[in-house]
Structure formats: C-alpha cells, structure tokens
Student: 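Quick one: the structure is below, and I'll ask about it shortly.
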Amino acid sequence: MNNEIMKLTNNLSLSYEIALAIGGTLDLKTMVEGFLKTVVRKGGAYRGFLWMIEDQQPCIINAVGSFTKGMDYQELTTTLKPQMKSALDQGITIIKTRNDDDFLDYCIPFTGNEKEVLLVPIGSTTVIQLFFTYEGASSQGFSGILEGVAPQLDNAILACKNHDKLLQMEKVEKQLLEKKHYELINNLDVGIFICDAVSGYFLDSNSAALKMLGYNHREELCQKTWYSVCDSDQEKLKTIIQKEGKIKSQEIVLKRKNGSIFWADLTAVIQPSQDDTYYIMGIVNDIDDRKKTEEKLRYLATYDPLTKIPNRYLLENKLKDTIIKSKDGKNSALMLIDVDNFKLVNDTLGHDAGDELVVQLTRVLRSNIGEKDFLARIGGDEFAVITEGLSKNEVLEMAERIRHLIYEHEITIKDNYKFNLTVSVGIVLINGTVSYQKVLAKADTALYKSKEEGRNKVTFISASEDSSSHFIKVVKLINDIKMALKEDQFILLMQPVVDINERQIIHHEALIRLKYRNGELLSPGEFIPVAEQFGLMSQIDYWVFKTALKKLAEYPDLTLFINVSAVSLAKEDLLKRLERDILNSDIHPNRIGFEITETSLMKDLAMSEKWIIRLQKMGCRFALDDFGVGFSSMSYLLNLSVDYIKIDGSFIKKIHTDPTHCTLVDAMNKLAYTLGKRTIAEFVENEEIVDVLRMIGINLGQGYFFGRPQPEPITINNEELRLK
C-alpha cells in the first residue's frame with residue numbers, strides 16, 4: 001500500500017514539474033530542454049531525445065542525459081526514421097525491451113546499458129525517445145503520464161513555434177521599418193545628424209546635412225566635430241547642451257567645407273546609447289534666405305529706401321543716446337531741415353521728380369555735415385541732423401552754410417528742369433533735461449517759425465523756450481477740426497483700386513480732406529497728427545465711416561475701403577458702433593473694407609486682431625497698409641488674417657528703374673502669396689510701373705495712372721482702362 005502511495009506521489013510530482021517546464025517559456029529549445037531534463041531526472045530515464053519531423057525529415061530538437069554529446073545525429077535520424085514514422089502513424093506509445101527481437105531497431109543510439117526504450121508520439125510531428133537502464137518503466141505509469149501530457153506538450157510546442165514565427169515576422173517588419181525610416185530621413189530637406197556627446201565628432205548624417213555643409217561623403221564629415229562647423233560661439237553651444245541636455249531652435253551660423261557661412265536653425269538633444277554612452281541627435285534647417293529677407297526688412301524699418309540714410313526710428317534712438325551724453329556736459333543740437341514748397345514739385349512734375357530732388361538734396365547735406373554728425377530723413381521732404389561737440393554758434397554757422405549752399409545750388413531733374421531750392425531750418429540745443437519727444441517738438445516749433453517768417457530761414461530756440469506761437473497754431477487747427485466735425489466741413493474723396501491684369505476697378509479707397517477757411521483743402525498729413533494728439537481721431541474715423549455708408553447707399557455698385565487709425569483700433573466701443581451701424585444699414589458687409597497701417601497694429605496687436613476677426617466675420621475685408629515701412633517683425637503677419645497687403649508707394653515709384661526696389665517688391669509679393677493674401681501697389685503713375693508689377697505678379701494697383709482722388713467714384717469703363 002505504501003509503495004502504491006509513493007508511486008502515485010512520484011507520478012503527481014512528475015506531472016506537476018512537467019507542467020511547469022512546458023508552461024515556463026515560449027522559446028522552443030529552452031522549453032524542450034526543461035521538459036527532457038525533468039523527465040530524465042524525475043522519471044529515472046537514462047537519456048532522452050525529442051525528434052521532430054520537418055519537411056518530411058526527422059531532426060533532433062534536443063537531447064539530455066548520458067552519452068548525448070558528440071553523436072552523429074544526421075546518421076541517427078536516417079536510421080531511426082521508419083520507427084518514428086511508425087509511432088506517429090499508429091499514434092500510440094511504442095515500448096521495446098531486450099526481450100523484443102527488434103529492440104535494437106528502436107534503441108538507437110545503443111550503448112549497451114539500455115534495457116527499455118519508449119517512443120511516445122506527440123501530435124503529428126513530434127516523438128519523444130526515452131531510454132531506461134531497467135525494465136518496467138512503462139509499468140510504473142510513466143508512459144501513461146507522458147501520454148496524458150502529450151496534448152499539452154503538443155500545444156506548447158505549437159505555441160513556441162508560433163511565437164518564433166511572430167518574432168521572425170517582427171524582426172523582418174522592424175528591418176523593413178528601419179529601411180523605410182532611413183529612406184525617409186535621407187529624403188528630407190532638413191539636415192539630421194548624430195555626433196558623439198563627449199568628443200563632438202560626427203557619427204552619421206542624412207544627405208541633406210551633407211549637402212548643407214558641402215560634403216560629398218559621410219566618411220569625410222565624420223572626421224569633423226560638430227563644433228568645428230559652427231561659426232557661432234562654440235563654447236556657448238557646448239555649455240547649453242551639456243548643462244540643459246538640449247538646444248531648442250537656436251539660430252546659429254554654420255561653416256561649409258569651402259569656408260562659406262550661412263544661417264541655420266538648430267535643435268539638438270542628448271540621448272543615451274545601448275552601450276551606456278551618450279550621443280547628440282541634431283536637426284538643422286537652412287534659414288539663410290529667411291535671415292537675409294529679415295535683414296532687408298529690418299533695414300527698411302530703420303533706413304529710408306530712397307536715400308539710404310536712417311529714418312525717424314533710428315533718429316529717435318540716436319536722439320535718446322545724445323540726450324544721455326549731453327547730461328555729462330557734451331554740446332549737442334538737433335537740426336530739422338524742410339524743403340520749401342516741395343509739394344509744388346510733386347504736383348507739377350510727379351513723384352519721380354520729387355524723389356530725384358530728395359536724392360540730390362541728400363547728397364548735398366551729406367557733403368556739408370561732419371563725419372560724426374547724424375543725418376536722417378524723417379518725412380517726404382524733411383531731414384534731421386544731430387550734431388555733437390559743436391557750440392551754438394558753430395551749429396548756426398553750419399545751418400546757414402547749408403541753407404545758403406542749397407539756395408545757390410541749381411538742381412537739375414527730369415527733362416532738364418532746373419530748380420533753385422530753398423530750405424527752412426529749425427534748431428534746438430540738447431541739454432539733457434528734456435525728453436527726446438520734447439526736443440523734437442521744440443525743433444519742429446523752430447522749423448515752423450522759419451516757415452511762418454517767409455521760409456529760406458534758420459531759426460533757433462532753446463529747449464526751455466516757450467512755444468506759444470506754435471501752440472496758437474495748433475489750437476486754431478483743433479478748433480477747425482471740431483468745427484468741421486460739427487458743420488460737416490470734411491470732404492470725402494475716392495480713388496480707384498484696379499486689377500492690374502484685367503484693368504478692372506475692384507474697389508475705391510475713401511480719402512478725407514479738411515476744407516480750410518480760405519477754401520484750401522488740407523491733406524490728412526496736415527491735420528491728422530494734431531487730431532491724434534488731442535483725441536479727435538476717433539470722431540474723424542467715425543465721420544468717414546458714416547459718410548462712406550451714405551456713398552455706398554448712393555452707388556449700389558461701389559465698394560469702399562476706409563482707413564482706421566491706431567487710436568480708433570484701441571476703442572472697443574467704436575468697434576461695436578460700427579458693427580451696429582452695418583447691421584442697421586442695407587449695405588452688404590462685403591462692400592465695406594478697412595485699411596490699417598503696420599505701425600497701428602504694433603501699438604495694440606490684440607485689439608487690432610479683435611477688429612479684424614469680428615468685422616471679417618460679418619463679411620468685411622481688411623488691407624494692411626504701408627507694408628514694408630516701419631515693420632519690425634514678419635511674425636505679425638502670421639497672426640493677422642488680412643485679405644490684402646498694400647505695399648508702400650516708396651517701393652513702387654522706382655520699381656521700373658531700380659532693380660533693388662523691384663527685388664524687394666518681388667520678395668514682399670512672394671511672402672504675401674505664401675500667406676494667402678493679395679497685394680496692392682500704391683503710387684502707380686505710369687505704364688512702365690504697371691508692366692513691372694504685372695511681371696512680378698502684383699494683383700492690384702492704385703495711383704494717378706488709374707485715377708486721381710475724386711468726390712465721386714470713378715466710372716471709367718473697363719475698355720478705357722485697358723486702352724490707358
């Protein structure tokens with residue numbers, strides 16, 4: 001009884017350990033080895049083999065126990081093949097002992113110690129071969145145990161095979177994916193590289209990085225360090241990447257193999273390798289064209305494109321620095337120079353003649369001021385000079401010399417027209433106690449005095465001098481503006497905007513004039529600055545808007561664009577009034593457009609966006625006016641959904657004669673096209689300009705060539721425009 005219990009216990013223990021061996025892994029060889037070791041160790045076998053039929057041929061998967069090493073398994077499988085086939089065909093365990101005549105046919109290989117052999121079929125392709133040094137193993141229930149676990153072992157073998165197939169499939173897929181990734185990375189326009197995190201030597205790169213840096217082969221590049229191709233501060237880059245572990249969108253200068261340099265955008269990060277080392281993965285993008293464009297736009301924002309001298313923006317910065325220096329006792333002065341009756345030249349000979357006159361005047365001024373003196377153009381015909389280190393008398397002598405020289409100098413422009421110009425000059429000393437705005441205001445007052453007293457004159461005032469006469473003039477102008485608002489003394493003119501290719505009027509721009517006491521019409525430049533300074537601009541803008549609605553009602557085919565000042569853009573209550581008036585009118589919003597300047601946008605971008613979004617939602621359109629003048633960052637355009645970009649007239653006037661202007665306008669047009677916006681060119685004055693604009697691809701044009709501002713909309717038909 002006790003033997004039976006022990007036998008049962010051993011069999012249960014063997015079954016349990018076999019189950020553990022079978023279910024412990026999905027690797028076929030590991031599972032079979034564990035199974036055989038358990039059977040040999042716990043079942044008392046001499047040795048064990050596991051055979052599997054693959055492609056009609058038996059092959060040994062694993063062997064454990066005595067005398068299993070060094071055997072010729074290929075010869076064994078050939079000899080044993082019929083016996084294994086017999087076991088699989090019958091599907092039953094075959095037990096052979098020395099008493100059987102065919103014992104040796106099944107006891108292969110035979111060492112002389114074997115007394116019993118078992119062939120146990122597992123499924124349809126697997127056979128277990130066990131050798132025992134004693135007879136009766138099968139009678140102890142051993143073969144029954146194997147037959148009992150045969151289905152589980154067959155399933156385990158199948159699971160291992162499937163797992164192996166999945167691993168092979170994953171390996172193939174991974175290789176294919178890596179190949180695709182490699183091909184993708186190599187076809188990118190963006191440069192990608194890997195370099196050692198410690199030495200900085202390149203380890204690999206894609207084709208774009210090679211091309212960007214001017215190398216033909218990766219091996220050649222891998223002889224270089226990442227830092228050696230940086231023309232920027234190398235130590236700074238090293239510090240950033242080592243300290244922070246990454247570099248995010250850093251603009252740097254890179255050096256090509258031939259020594260040339262270019263701007264690039266760098267993003268890099270340190271990553272761990274599988275061998276516990278670290279590498280740097282980087283992405284570089286060539287931004288040289290963008291940087292050059294930005295540099296051109298930055299130049300345009302700080303320099304006058306016509307005369308190539310600083311504009312008002314740089315003047316203000318220079319004036320601030322000069323005021324700081326003057327606090328230490330350094331003599332300085334600001335001189336404003338304005339051409340007398342310059343408007344007459346523009347009106348009689350056109351803007352081309354006026355531009356030529358300004359350029360010649362700039363040459364005269366440059367040659368008659370000191371090397372350290374600062375010259376700027378701050379208006380159409382107004383210049384500023386900052387002198388340092390000169391006394392009051394020396395500054396006055398310089399101003400008189402310039403005034404007299406211009407008066408005596410005969411200027412020849414357009415078709416041999418000869419002029420003897422005169423200029424008015426206003427001077428104020430800078431003593432460091434007055435802000436730059438007040439210094440400018442004082443100099444402007446001095447200039448106004450020269451104009452009032454007959455022009456062709458130099459006037460000096462001190463920074464502390466009372467500007468009562470100028471104040472009186474401003475007060476009069478304020479009263480005139482208020483009276484015009486009250487008694488409807490403003491006049492609304494309209495100028496057509498024409499499709500350059502179709503020669504078809506697309507819309508008109510509403511332009512305001514002030515009817516002065518003597519019947520003269522004042523241009524916006526003469527009264528708008530005062531209106532803005534004294535809080536009247538929003539009322540003027542609203543008058544223009546209400547009058548435009550009346551014009552739109554009077555002319556059903558008319559579309560009008562209305563200028564909105566920076567002051568008005570800051571007022572949400574005015575925006576609400578406009579929205580209400582549009583809704584209450586019978587005018588469809590798509591007949592209404594608004595023009596806003598770049599400088600207005602920069603004063604309050606968030607509020608400007610609100611105006612654009614809300615009015616566009618109603619159906620109105622927007623144009624960005626004066627594009628290219630004073631614009632400090634292209635990023636503003638990315639945040640504004642304006643419909644048109646209106647290129648400033650200073651770039652258009654010489655587009656047919658100056659290749660630089662043509663190139664700049666072409667760049668602006670391409671930028672606008674990229675952002676999905678149409679372009680309008682101002683100051684279109686002749687057919688030659690139209691031809692260049694058409695070649696560049698500018699959409700619309702506005703100027704005297706197509707029509708001057710008139711109280712009524714231009715009704716010229718399309719055929720007449722084409723013939724023009």
Side-chain angles (χ1 to χ4, degrees), residues 307 309 312 315-316 319 322 331-347 354 357-358 360-362 364-366 368-370 373-387 390-411 419-431 434 436-477 516 518 520 522-523 525-527 529-530 533:
T307 61
I309 63 174
R312 187 182 186 92
L315 170 70
E316 291 180 358
L319 194 54
T322 304
N331 294 329
S332 304
L334 172 64
M335 182 189 310
L336 295 186
I337 304 168
D338 187 85
V339 179
D340 298 326
N341 299 314
F342 180 73
K343 188 173 181 295
L344 181 63
V345 177
N346 277 337
D347 290 345
L357 186 149
V358 167
Q360 291 196 39
L361 181 60
T362 302
V364 173
L365 292 173
R366 267 180 169 163
N368 286 278
I369 61 174
D373 295 333
F374 182 87
L375 174 65
R377 183 188 180 197
I378 59 175
D381 61 336
E382 189 173 358
F383 296 83
V385 177
I386 296 177
T387 65
L390 299 181
S391 65
K392 173 185 174 181
N393 289 335
E394 288 173 327
V395 174
L396 285 171
E397 288 175 7
M398 176 192 286
E400 282 292 350
R401 184 177 69 253
I402 291 173
R403 183 199 65 78
H404 182 73
L405 183 65
I406 293 173
Y407 177 71
E408 294 293 333
H409 181 74
E410 187 176 68
I411 294 179
F419 284 89
N420 284 98
L421 292 176
T422 63
V423 294
S424 298
V425 184
I427 303 172
V428 61
L429 292 182
I430 302 170
N431 56 20
V434 180
Y436 82 92
Q437 295 98 328
K438 289 185 177 179
V439 171
L440 279 169
K442 294 289 183 182
D444 193 57
T445 300
L447 177 62
Y448 180 72
K449 281 186 176 181
S450 294
K451 294 280 190 183
E452 272 191 332
E453 294 174 7
R455 298 181 173 86
N456 192 25
K457 181 178 174 61
V458 175
T459 302
F460 167 84
I461 64 172
S462 67
S464 58
E465 185 176 333
D466 180 28
S467 306
S468 57
S469 62
H470 177 68
F471 179 73
I472 292 171
K473 177 192 173 185
V474 171
V475 170
K476 286 181 180 179
L477 187 53
Y516 213 46
N518 57 4
E520 179 186 359
L522 291 186
S523 67
E526 295 176 275
F527 64 86
V530 173
Q533 186 177 358

Student: Assess the residue pair Val439 and Thr322 against the criterion (side chain to side chain contact (heavy atoms under 4.5 Å, CB included)); give the C-alpha distance rounded to whole Å, side-chain angles, the decisive distance to 0.1 Å, and a yes or no.
Tutor: CA-CA 11 Å; Val439 171; Thr322 304; over 6 Å; no
Student: Report the C-alpha separation of Glu316 and Arg312 in whole Å, then their side-chain angles, then the decisive distance to 0.1 Å, and conclude whether the salt bridge (charged side-chain N to carboxylate O under 4.0 Å, His left out) test is met.
Tutor: CA-CA 6 Å; Glu316 291 180 358; Arg312 187 182 186 92; 3.3 Å; yes
Student: Hey, could you give me the OH/CG distance between Tyr436 and Leu315, rounded to the nearest 0.5 Å?
Tutor: 10.0 Å
Student: Can you tell me how far CG of Leu361 sits from CD1 of Ile402, rounded to the nearest 0.5 angstrom?
Tutor: 9.5 Å
Student: Run the numbers on Arg377 and Thr362 for side chain to side chain contact (heavy atoms under 4.5 Å, CB included), then give the verdict.
Tutor: CA-CA 9 Å; Arg377 183 188 180 197; Thr362 302; 5.9 Å; no
Student: State, to 0.1 Å, how close Leu429 and Ala333 come at their nearest heavy-atom pair, and which atoms those are.
Tutor: CD2-CB, 3.8 Å
Student: Tell me, do Asp444 and Glu382 make a side-chain contact under 4.5 Å, heavy atoms counted?
Tutor: yes
Student: For Asp381 and Leu357: C-alpha separation, side-chain torsions, deciding distance, then whether side chain to side chain contact (heavy atoms under 4.5 Å, CB included) applies.
Tutor: CA-CA 9 Å; Asp381 61 336; Leu357 186 149; over 6 Å; no
Student: Hey, does the side chain of Ser450 reach the backbone of Val425 with a donor-acceptor pair shorter than 3.5 angstrom?
Tutor: yes
Student: I need the minimum non-hydrogen distance between Asn456 and Ser424, along with the two atoms involved.
Tutor: N-OG, 3.5 Å
Student: At what distance, to the nearest 0.5 angstrom, does CG of Leu440 lie from CG of Leu336?
Tutor: 7.0 Å
Student: Rounded to the nearest 0.5 Å, how far does CG of Asn393 lie from CZ of Phe460?
Tutor: 9.5 Å
Student: How long is the straight-line distance from NZ of Lys457 back to CD of Glu400, given to the nearest 0.5 Å?
Tutor: 8.0 Å
Student: Applying side chain to side chain contact (heavy atoms under 4.5 Å, CB included), run through Ile309 and Phe383 and close with a yes or a no.
Tutor: CA-CA 10 Å; Ile309 63 174; Phe383 296 83; 4.0 Å; yes
Student: Check Ile386 against Leu334 and note the closest heavy-atom contact, atom names and distance.
Tutor: CG1-CD1, 3.9 Å
Student: Under 4.5 Å between any side-chain heavy atoms of Asp373 and Met398, yes or no?
Tutor: yes
Student: Regarding Asn331 and Ser391, do their side chains bring together a donor and an acceptor under 3.5 Å, going by distance alone?
Tutor: no
Student: Check each of Val458, Leu447, Val423, Leu375 against Ile337 using the side-chain contact (heavy atoms from CB on, under 4.5 Å) test, and report the only one that passes.
Tutor: Val423
Student: Is Arg401 reaching over with its side chain to a backbone N or O of Asn368, donor-acceptor style, under 3.5 angstrom?
Tutor: yes
Student: Quick one, Val428 and Thr445 - any side-chain contact, counting heavy atoms below 4.5 Å?
Tutor: no
